[in-house]
Amino acid sequence: MSREQRLAEVFIELADTLVDNYDVIDLLHTLCERSVELLQADAAGLILADQRSVLHVMASTSEEAKLLELFVLQADEGPCLDCYSTGEQVVNIDLDEVEERWPQFRAATIAVGFRSTHAIPLRLRGQVLGVLNLFCADRVTLSRSDVALGQALCDIATVGLLQERTVRRGEVLAEQLQSALNSRILIEQAKGVLSERSRISVDDAFALMRAHARRNHLQLGAVATGLIDGSIAAATLTPTSD
């Protein structure tokens, strides 16, 4: 398959989320995964602001990326925070060159094996909703066309976070974002439950939850709730149960 064909598939996949009752969490994870695939990254994490402009980690491609994003919010430094505050892309960051600018972020990111990073905003008409952060094991330099592609992917996801009327007004869907934040808490709890019960990693647990949700046309939050309250058995999510 050519790169052009793959790009078309990815844009269609993201656009398919623009329907009633789509899963916000799944959309954000899809954005992370496809950005890693298309932009030569090794991991990605995404932070999103709630209606009070408080930032939360909403999606990631690995536990390492999630923990790095949580560290960024706790330490209050890093390229993704600069990206959020300015609404501008902060890309092609060689971690060997930013010790004075972001010392804590640099040390934590290098410690888990990454050497470069890129931050791309989710924005609409000057309003920044969140940031996609890409992590690279090597010193990866994105071209202008790469950056434009990353921004286009983020732009599609941003539209997916907004209703048509809200898009015209340029406001965030506070209720929708708060619902996604609440679901995220349940999902994190359920990942731990499934990981412990099935003796698998939390990344594998999330992959099973997501696959089950898609197969059964369920929201991830509903699957998480079922695992926590026992109405969905952990065994039914294992690959051998299909």
Side-chain angles (χ1 to χ4, degrees), residues 9-37 43-51 56-63 65-67 69-70 122 129-130 132 153-154 156-167 172-242:
E9 285 189 350
V10 169
F11 279 105
I12 290 170
E13 180 182 19
L14 289 171
D16 279 347
T17 63
L18 308 183
V19 296
D20 292 339
N21 298 319
Y22 76 91
D23 195 325
V24 174
I25 301 296
D26 191 53
L27 166 67
L28 299 179
H29 276 279
T30 298
L31 171 62
C32 287
E33 292 169 351
R34 300 300 172 258
S35 297
V36 164
E37 174 190 350
L46 189 145
I47 58 174
L48 199 66
D50 63 18
Q51 65 267 36
H56 302 267
V57 179
M58 294 299 295
S60 63
T61 57
S62 68
E63 278 296 297
K66 185 188 79 172
L67 292 175
E69 295 288 66
L70 289 171
L122 278 72
L129 307 184
L132 172 70
L153 295 173
C154 288
I156 291 179
T158 300
V159 173
L161 295 169
L162 305 169
Q163 290 179 344
E164 182 180 356
R165 184 178 62 180
T166 308
V167 169
V172 177
L173 273 177
E175 291 184 4
Q176 185 185 50
L177 294 181
Q178 189 59 53
S179 176
L181 290 168
N182 294 340
S183 293
R184 188 67 199 170
I185 294 171
L186 288 174
I187 290 166
E188 290 299 318
Q189 293 173 347
K191 283 164 60 177
V193 169
L194 183 57
S195 174
E196 181 179 357
R197 291 177 181 173
S198 300
R199 299 183 181 276
I200 57 178
S201 71
V202 289
D203 286 338
D204 288 341
F206 179 72
L208 288 177
M209 289 170 56
R210 194 176 179 194
H212 182 83
R214 288 185 167 188
R215 283 197 307 270
N216 295 280
H217 306 290
L218 297 172
Q219 297 277 308
L220 274 166
V223 175
T225 299
L227 284 169
I228 293 170
D229 66 21
S231 60
I232 296 179
T236 64
L237 272 67
T238 60
T240 54
S241 67
D242 293 340

What are the two closest non-hydrogen atoms of V193 and L227, and how far apart are they? CG1-O, 4.2 Å

What closest approach, in Å, do L220 and A213 show between heavy atoms, and which atom pair accounts for it? CD2-CB, 4.1 Å

Hey, what do you get for CG (L194) to NE2 (H212), rounding to the nearest 0.5 Å? 10.5 Å

Side chains of S231 and D229 only: does a donor on one sit below 3.5 Å from an acceptor on the other? yes

Nearest-0.5 Å distance that lies between atom CZ in R199 and atom CG in D204: 15.0 Å

Is it the case that over 12 heavy atoms from other parts of the model lie below 6.0 angstrom from the CD atom of E196? no

Measuring from atom CG of N216 to atom OG1 of T236, what distance do you get when rounded to the nearest 0.5 angstrom? 8.5 Å

Between A44 and A65 the two heavy atoms that sit nearest each other are O-CB, 3.4 Å

Pairwise distance CD1(I187) to CE(M58) - rounded to 0.5 angstrom: 8.0 Å

Check whether any side-chain N or O of S195 sits under 3.5 Å from a backbone N or O of I200 as a donor-acceptor pair, and report yes or no. yes

Mind listing the closest non-hydrogen atom pair of K191 and V202 along with its distance? CE-O, 3.8 Å

Which atom names give the shortest non-hydrogen contact between A43 and V36, and what distance separates them? C-CG2, 3.6 Å

Let me see the working for L14 and V10 under side-chain contact (heavy atoms from CB on, under 4.5 Å), right down to the final yes or no. CA-CA 6 Å; L14 289 171; V10 169; 4.2 Å; yes

H29 side chain to T61 main-chain N or O, any donor-acceptor pair under 3.5 Å? no

Are T30 and R210 side-chain neighbours, meaning at least one heavy-atom pair lies under 4.5 Å? yes

Pair K66 + E69: basic N to acidic O under 4.0 Å: no

Closest contact, heavy atoms only, C154 versus L31: N-CD1, 4.0 Å

Let me confirm one number: the CZ-CG distance from R34 to L153, rounded to the nearest 0.5 Å. 10.5 Å

Rounded to the nearest 0.5 Å, what separates atom CD1 in I25 from atom OG in S183? 6.0 Å

Main-chain N/O of E63 paired to D203 side chain as donor or acceptor, under 3.5 Å: yes

